[in-house]
Amino acid sequence: MSTTVGFLGLGHMGGPMAANLVKAGYSVVGFDLAPAALEQAVKDGVTVADSAIDAVREAQVVITMLPSGKHVLGLYQEILPAAKPGTLFIDSSTIDVADARAAHDEAVKAGHRSVDAPVSGGVVGATAGTLAFMVGGAEDDFESARPLLEVMGKKVVHCGDPGNGQAAKICNNMILGVSMIAISEAFVLGEKLGLSNQALFDVASNASGQCWALTTNCPVPGPVPASPANRDYQPGFAAALMDKDLGLAANALQTNGVEAELGLRAAELYSRFHNSGHGGEDFSAIIRDIRERSTAQTDPTGGDQ
Ligand code: NAD
């Protein structure tokens with residue numbers, strides 16, 4: 001008998017992830033609040049249920065791909081009592097580490113097993129089945145989840161105890177947010193100093209400034225033809241999602257008393273960028289904000305500094 005998967009949250013990410021499970025032969029019963037997501041799911045071969053509760057009743061595995069921790073914890077209240085004892089819950093949403101640990105505890109209290117398995121790779125990776133999964137949970141639960149995660153992704157890393165998948169995700173994205181700002185500031189400074197973007201790229205990409213934000217997602221057009229800067233900053237990885245992830249990181253920094261001035265500042269800068277109408281742009285578009293603000297400050301009419 002094939003494994004039945006209950007899939008809740010069939011949006012930009014969950015939709016194609018569920019479709020890949022169907023293609024791999026899993027029987028997927030899905031539910032989403034949005035009618036458009038359900039329509040697409042039917043086309044992808046998902047059996048659509050009338051409610052979240054109906055989607056989990058017969059499942060051996062339940063996957064959630066929801067906007068936030070509040071959604072996950074709220075939905076778990078409904079579905080944990082409805083699932084068969086011993087069901088494996090996999091939450092792939094990006095949520096607060098504390099919420100992930102609370103969700104795990106609730107699942108275990110209700111007689112189930114659970115892992116947190118957030119992803120990186122975006123909609124492109126979800127569609128291609130090439131996501132990276134960062135997993136927190138007991139070894140045997142991780143091993144039970146692994147075959148499904150390997151259908152939806154190409155890299156699956158066990159990060160330790162419950163919540164550690166989320167911990168890895170926000171630590172990685174804090175590195176990414178800070179490094180994108182650093183790379184962008186360096187390009188704008190180079191421009192002010194008369195250095196071409198290509199020259200700075202050629203030096204830094206072969207020197208100690210080398211990093212993913214520079215060599216894969218380069219924030220200026222030209223040096224890396226596939227980077228979003230070459231298509232007017234269409235994402236890619238949207239600034240709104242970077243804002244969300246840095247907000248989760250900032251929360252964890254403060255809760256755990258970590259002195260991380262750059263992580264907190266990066267969260268502020270991406271929050272400002274998102275809230276000034278740029279949430280739909282690739283996160284590398286923050287270079288435009290830095291450039292515009294820099295120009296204003298060096299305006300010769302602007303004062304004697
Ligand atoms: P999305 O908004 O497209 O999808 C979320 C879906 O959940 C929506 O369709 C919504 O209707 C549904 N939903 C909300 N409450 C529900 C409920 N009670 N029952 C059933 N369905 C419900 O968001 P997304 O882009 O798919 O992202 C999902 C998660 O993945 C988020 O936590 C996000 O941070 C994370 N993530 C997204 C990306 C990306 O590139 N989009 C990348 C990595 C991680």
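Whatever order the structure lists them in is the order used to number ligands and atoms, beginning at 1.
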* To do: Measure Lys169 to ligand 1 on non-hydrogen atoms and call it side chain, backbone, both or neither using the 4.0 Å cut-off.
  => side chain
* Work out which heavy atom in Leu214 is nearest to a heavy atom in Ser205; give both atom names and the distance. => CD2-N, 3.5 Å
* Asked: Charged N to carboxylate O below 4.0 Å: is that the case for Lys109 and Asp105?
  -> no
* To do: Measure the distance from atom 30 (O) of ligand 1 to every protein heavy atom, then report the residue, atom name and distance (to 0.1 Å) of the closest one.
  => Met65 CE, 3.1 Å
* Would you please classify the geometry between the Phe283 ring and the Tyr270 ring as parallel, tilted or perpendicular, with 30° and 60° separating the classes? => tilted
* ligand 1 atoms in contact with Leu75 (distance to a heavy atom under 4.0 Å) -> 18 (N), 19 (N)
* Structure fact -> Counting heavy atoms under 4.0 Å, the part of His71 that contacts ligand 1 is side chain
* To do: For residues Asp96 and Leu248, report the shortest heavy-atom separation together with the two atoms involved.
  => N-CD2, 3.6 Å
* To do: Distance to 0.1 Å, residue and atom name: give those for the protein heavy atom nearest to atom 36 (N) of ligand 1.
  => Thr94 OG1, 4.0 Å
* To do: May I ask you to decide whether Glu150 forms a salt bridge with Arg146, counting only side-chain N to carboxylate O separations under 4.0 Å?
  => yes
* To do: Count the heavy atoms of every other residue, nucleotide or ligand shown that sit under 6.0 Å from CG of Asn206, and state whether that count exceeds 12.
  => yes
* Thinking salt bridges, do Asp289 and Arg272 make one under a 4.0 Å N-O criterion? -> yes
* Asked: Is atom CD of Glu259 surrounded by more than 12 heavy atoms (other residues, nucleotides or ligands) closer than 6.0 Å?
  -> no
* To do: Provide the closest heavy-atom pair for Ala117 versus Ile90 in the form atom of the first, atom of the second, distance.
  => CB-CG2, 3.8 Å
* Within a distance under 4.0 Å of any heavy atom of Gly9, pick out the atoms of ligand 1 and give their elements. => 7 (O), 21 (N)
* Heavy-atom protein contact below 4.0 Å for atom 2 (O) of ligand 1 -> no
* To do: Identify, for atom 16 (C) of ligand 1, the protein heavy atom at the shortest distance, and state residue, atom and that distance.
  => Leu33 CD1, 3.5 Å
* What is the closest protein heavy atom to atom 29 (C) of ligand 1, and at what distance does it sit? -> Leu66 O, 3.4 Å
* Side chains of His274 and Ser271: is there a donor and an acceptor less than 3.5 Å apart? -> no
* Can you tell me if Gln198 and Asp202 form a side-chain donor-acceptor pair at under 3.5 Å? -> yes
* With no hydrogens and no angle check, is any side-chain donor or acceptor of Asn256 less than 3.5 Å from a backbone partner on Val258? -> no
* Asked: Under 3.5 Å, is there a donor-acceptor pair between the Asn230 and Ser227 side chains?
  -> yes
* Of the side chain and backbone of Leu241, name the one, both, or neither that has a heavy atom under 4.0 Å from an atom of ligand 1. => side chain
* To do: Give the atoms of ligand 1, by number and element, whose distance to some non-hydrogen atom of Lys244 is under 4.0 Å.
  => 31 (C), 32 (O), 33 (C), 34 (O)
* Between Ser51, Gly122, Ala240, Gly125, which one has a non-hydrogen atom sitting closest to atom 40 (O) of ligand 1? -> Gly122
* Output the list of atoms in ligand 1 that are nearer than 4.0 Å to some heavy atom of Ser93, sorted by atom number. => 32 (O)
* Structure fact -> protein heavy-atom neighbour closest to atom 25 (O) of ligand 1 works out as His12 CB, 3.6 Å
* Can Glu78 be said to touch ligand 1, with heavy atoms closer than 4.0 Å? -> no
* To do: Classify the contact between Ala238 and ligand 1 as side chain, backbone, both or neither, using a heavy-atom distance cut-off of under 4.0 Å.
  => neither
* Asked: Could an N or O of ligand 1 be found under 3.5 Å from any N or O of Met13, whether backbone or side chain?
  -> yes
* Nearest-option assignment for atom 10 (C) of ligand 1, heavy atoms, candidates Asp32, Asp91, Leu38 -> Asp32
* Asked: Below 4.0 Å from any atom of ligand 1, is there a heavy atom belonging to Leu8?
  -> no
* Asked: In the protein, which heavy atom is nearest to atom 4 (O) of ligand 1, and how far is it?
  -> Gly11 CA, 3.4 Å
* Is there a heavy atom in Ala52 that sits closer than 4.0 Å to ligand 1? -> no
